[in-house]
Visitor: 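Please see the structure below; I have some questions.
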Amino acid sequence: MNILDDLNSQQRQAVTADLGQVLVLAGPGSGKTRVLTLRVAYLILTLGVRPANILAVTFTNKAAREMENRLTRLLGEKIQGVWLGTFHATCARILRRESNLLPFNSSFVIFDADDQENLVKRTLKDLNIDDKLYRPASMLSAISQAKNNLVLPSAYPTRSYRDEIVSRVYKRYQELLQICNAVDFDDLLLWAVRLLEENPPVKEKYSHRFEHVLVDEFQDTNMAQYRLLQHLCEFHGNLFVVGDEDQSIYRWRGADYKNVLRFEDDYPDSQKILLEQNYRSTQNVLDAARAVIDRNQYRTPKQLFSERGAGDKIVLYEAVDDHAEAAYVADAIQQLISAGKARGGDMAVMYRTNAQSRLLEEAFLRAGMAYRLVGAQRFYGRREVKDMIAYLRLVQNPADEVSLGRVINVPPRGIGDKTLVALQLAARQAGASAGEVLIDLAAKGPDSPFAKAFGGRGATVLADFGGLLAGWGEVEASLTLPALFDRIVSDTVYREYIEDESEEGQDRWGNVEELRLLAYEYQERGLSAFLENLALVSDQDTIPERSDSPTLLTLHAAKGLEFAQVFIIGLDEGLLPHSRSGDDPEEMAEERRLFYVGLTRAKNNLYLVRAERRSTFGSFEGSESSRFIDDIPEGLIRHLGENYRERRASSSSWELPARWESARLAPSAPPPDSSKKIERRYRPAMHVRHPVWGDGIVLNSAIRDGEEEVDVHFESVGFKRLLASLAKLELI
DNA sequence: GCGTTACATATTTTT
DNA sequence: TATGTAACGC
């Protein structure tokens, strides 16, 4: 069997493992995708399993596509029928098939993060809850967490007053989703699990069908996904999962690497196979990575080894400040390129937070160097793109009030807040969807029973909009998708609305055209397939694959990628590990894994970079070296930078061009004149009144940077820190 | 409905 | 620092 020829013994053991439950723990660069793909090929070619009886799930479209390509190369036509896709896409597929058993119909739309936020805001308004005290983002994360753990609104625990609020918001949020004939990302999983649990025949159908279930990145599964897998493989019991606890970096999205341990508990007869040979990195890189990750608990220790030799030492560069840090990176990369030691596309700069990319970009720009920034502004997040998608969604699903709210007055057609609220009210009372009311208004005009609910002008403009909607609905079946798209653009005069003389306007229209191009590809499959893909495809998929420029990206975005030269910047306490991880050991362990993921992206060289001082929100502060650096054995490191000037002077290496010093910003302005003393106007225990927050008591007051900062406890909102010069505080 | 201003806020973001 | 947003006034 030639597909097994190039495998090492561990890989071969995994690919040809006996049926039943198999857990493959695959270190970075150990060929896990290869093993997964070959396992599918092995099932089909050697064991004669029919493709339609195989389900393979991944987390990203990219991973799914990658697998599909490799399988096609191996199997050709024989891959036809394999269910291969992301968790979410797989669930959506099942839900559409079984929608008669669910509280929404098969034209349901999938709400993305943006839509969710809109809906939660509306929920809060509905329930008269202060969105300052109960932030939509925090409500959503609580709801998401509940869904990931399969907790329904009725079962939401109410241990505190806050829980009580969340519970009410969760409940109402779900009702609104249902009114909109929509589901959110988490619902796709949750509903799929409920569908299987509450309808035994359905579960039987799918679990009979899927003789083999295979899973990629298993360490990133949450409770809902884990349960789903259990149900789907219940009948045949063939569950093949591949993952690496050490690369679990999505805890905050509900992922629980402990599912790896759970798997072994739940399936005591399962086989466990470790892939420990690394084909990517030099031994020095692996040794450093291992030193870092070995400090984590609850994991299977692995002995990663490489046959690529020790390689170069890891460079640790300590810059004087964050500007110098960025300048060093840009310079070092330029030197590498001009010395012919690397190509731009071989290099990446990784950081903990997106904000860190700004200084890098500036440094690259100043040096006249091209770069590729991952995850900056998202194509699908652009306003004009979202607008067009909202129109299309309304055609498919007129009940979608979030999309309706988005575009009913875009371009402006005189439908304000009041009219919109009246419309929703009328719809609720009639037990109809907002879209139906609009269409009825358009058809019957003043004779419509709804006309009375609005002022004369309101009824007219709403009817006009309803007319548009109804018109699109009629032609949807007969027009191709791009034709429908054009019709909407022309009916709404959308181009004239966004395209002005400015470059920005041109860009905007360009984005709309790009979306139309995408619609063109969906001529055959139609509107609903198009919308589903838009919802389930991530922005990562829109990144151009090929480029010969260095890549700038977050550590999260780097997972699964590899580069010859890797720079990791910001190795300071507070940034990596991030201060938000606080003293929670689980969070700290995740920060460590994140660093580990970054380290193991490197094939040849690693550059760890930090700054003695960096500016955070305006103020300039000294920073401590990251604790993770201390974990790397001294013998693997070569020191450069601020603290090591002597060594630098004695070495004639290219890592430190003299130029970088001049690349730093001009000396900063002299410190604010401290001679002009500022008097403290507020003292503890003073009673004050704020125009917004009302009455409060001064807790403390201090002069900082020539400004008086006052800490006040308000009766309405609690603790606030204010600038005396800005806040209009009144003594009472 | 639009532009201005004041102010709060500031991780990561596979789907 | 710089950015987004929410309330305010026209």
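Throughout, protein chains are lettered first and strands after them, A, B, ... in sequence-line order, and every chain is numbered starting at 1. Note that the structure is a prediction, hence the values are computed from the model and not measured. Below, each value reflects all heavy atoms present in this structure, side chains not excepted, and no hydrogens, waters or symmetry copies.
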Visitor: With sugar-phosphate meaning primed atoms plus P, OP1 and OP2, does A/Leu575 contact a base, only sugar-phosphate, or nothing at under 4.0 Å between heavy atoms?
Guide: nothing
Visitor: Would you say a side-chain N or O of A/Thr554 is under 4.0 Å from OP1 or OP2 of B/dT11?
Guide: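 For A/Thr554, the contact criterion (side-chain N or O under 4.0 Å from OP1 or OP2 of B/dT11) is not met.
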Visitor: Can you tell me how far P of B/dT14 sits from CD of A/Glu217, to the nearest Å?
Guide: 13 Å
Visitor: Is any side-chain N or O of A/Asn409 closer than 4.0 Å to OP1 or OP2 of B/dG1?
Guide: yes
Visitor: A/Gln247 has an atom CD; how far is it from atom P of B/dT14, in whole Å?
Guide: 17 Å
Visitor: Under 4.0 Å, heavy atom to any atom of DNA chain B: which of residues 139-149 of chain A qualify?
Guide: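 Going residue by residue through residues 139-149 of chain A, none turns out to have a heavy atom under 4.0 Å of DNA chain B.
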Visitor: Residues in side chain to side chain donor-acceptor pair (under 3.5 Å) with A/Asp256, at least two apart?
Guide: none
Visitor: Taking only residues two or more places apart in sequence, or in another chain, which ones meet A/Arg227 in a salt bridge (charged side-chain N to carboxylate O under 4.0 Å, His left out)?
Guide: A/Glu197
Visitor: Do A/Arg96 and A/Ser106 have a side chain donor and acceptor closer than 3.5 Å?
Guide: no
Visitor: Testing the 3.5 Å rule here: is there a donor-acceptor pair between the side chains of A/Glu245 and A/Ser248?
Guide: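 On atom types as modelled, these side chains do not qualify, holding no pair under 3.5 Å.
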Visitor: Could you state the CE-C1' distance from A/Met350 to B/dT12, rounded to the nearest angstrom?
Guide: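 So the two atoms are 15 Å apart, to the nearest Å.
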Visitor: Return yes if the base of B/dT12 and the side-chain atoms of A/Arg352 contain a donor-acceptor N/O pair under 3.5 Å, otherwise no.
Guide: yes
Visitor: Calculate the interatomic distance between A/Ile110 atom CD1 and B/dT14 atom C1'; express it in whole Å.
Guide: 15 Å
Visitor: Write down the distance between CD1 (A/Ile415) and P (B/dC2), rounded to a whole number of angstrom.
Guide: 13 Å
Visitor: Specify the separation, in whole Å, of atom CD of A/Glu361 and atom P of C/dT1.
Guide: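 Result: 20 Å.
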Visitor: So does A/Arg413 get a side-chain nitrogen or oxygen closer than 4.0 Å to the phosphate oxygens (OP1/OP2) of B/dG1?
Guide: no
Visitor: Compare side-chain N and O positions of A/Asn354 against OP1 and OP2 of B/dT12 and report whether any pair is under 4.0 Å apart.
Guide: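 For B/dT12, OP1 or OP2 has a side-chain N or O of A/Asn354 closer than 4.0 Å.
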Visitor: Tell me what A/Gly414 touches on the nucleic acid: a base, only sugar-phosphate, or nothing, going by heavy atoms under 4.0 Å.
Guide: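 Counting heavy atoms under 4.0 Å across all strands, the contact made by A/Gly414 is with sugar-phosphate only.
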Visitor: Contact list please: residues 249-256 of chain A against DNA chain B, heavy atoms, distance less than 4.0 Å, in numerical order.
Guide: A/Tyr250, A/Trp252, A/Arg253
Visitor: Would A/Arg253 count as a cation-pi partner of A/Phe185, with NZ or CZ less than 6.0 Å from the six-membered ring centre and within 45° of the ring normal?
Guide: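 Here A/Arg253 fails the 6.0 Å and 45° test against A/Phe185.
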Visitor: Taking side chain to side chain donor-acceptor pair (under 3.5 Å) as the definition, give me every residue that meets it alongside A/Ser141, ordered by chain and number, with sequence neighbours left out.
Guide: none
Visitor: Taking B/dT12 as the reference, what is the distance to C/dT5 when you measure between their P atoms (whole Å, please)?
Guide: 15 Å
Visitor: When you measure from the side chain of A/Arg135, which nucleotide among B/dA8, C/dA2, B/dT14 comes out closest?
Guide: B/dA8
Visitor: For A/Glu590 and for A/Pro412, locate the closest nucleotide of DNA chain B by heavy-atom distance; then report the residue assigned to the nucleotide nearer the 5' terminus.
Guide: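 By nearest-heavy-atom nucleotide position, the 5'-most residue is A/Pro412.
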Visitor: Would you classify A/Glu591 as touching base, sugar-phosphate or nothing, given that sugar-phosphate means primed atoms plus P, OP1 and OP2, and contacts are heavy atoms under 4.0 Å?
Guide: base
Visitor: What nucleic acid atoms does A/Asp220 come within less than 4.0 Å of, heavy atoms only: base, sugar-phosphate, or nothing?
Guide: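 Counting heavy atoms under 4.0 Å across all strands, the contact made by A/Asp220 includes a base.
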Visitor: Please list, chain by chain and in numerical order, all residues satisfying salt bridge (charged side-chain N to carboxylate O under 4.0 Å, His left out) with A/Asp322, sequence neighbours excluded.
Guide: none
Visitor: Using the rule for Phe, Tyr, His and the six-membered ring of Trp, do A/His578 and B/dT12 stack at under 5.5 Å and under 30°?
Guide: no
Visitor: Please name all residues satisfying salt bridge (charged side-chain N to carboxylate O under 4.0 Å, His left out) with A/Asp400, sequence neighbours left out, ordered by chain then number.
Guide: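 Partners of A/Asp400 under the salt bridge (charged side-chain N to carboxylate O under 4.0 Å, His left out) test: A/Arg393.
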Visitor: I'd like to check the side chain to side chain donor-acceptor pair (under 3.5 Å) partners of A/Gln247; sequence neighbours left out, ordered by chain and number.
Guide: A/Asp244, A/Arg601
Visitor: What pairs with A/Asp186 under salt bridge (charged side-chain N to carboxylate O under 4.0 Å, His left out), at least two apart in sequence or on another chain?
Guide: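 With sequence neighbours excluded, A/Asp186 shows a salt bridge (charged side-chain N to carboxylate O under 4.0 Å, His left out) to no residue whatsoever.
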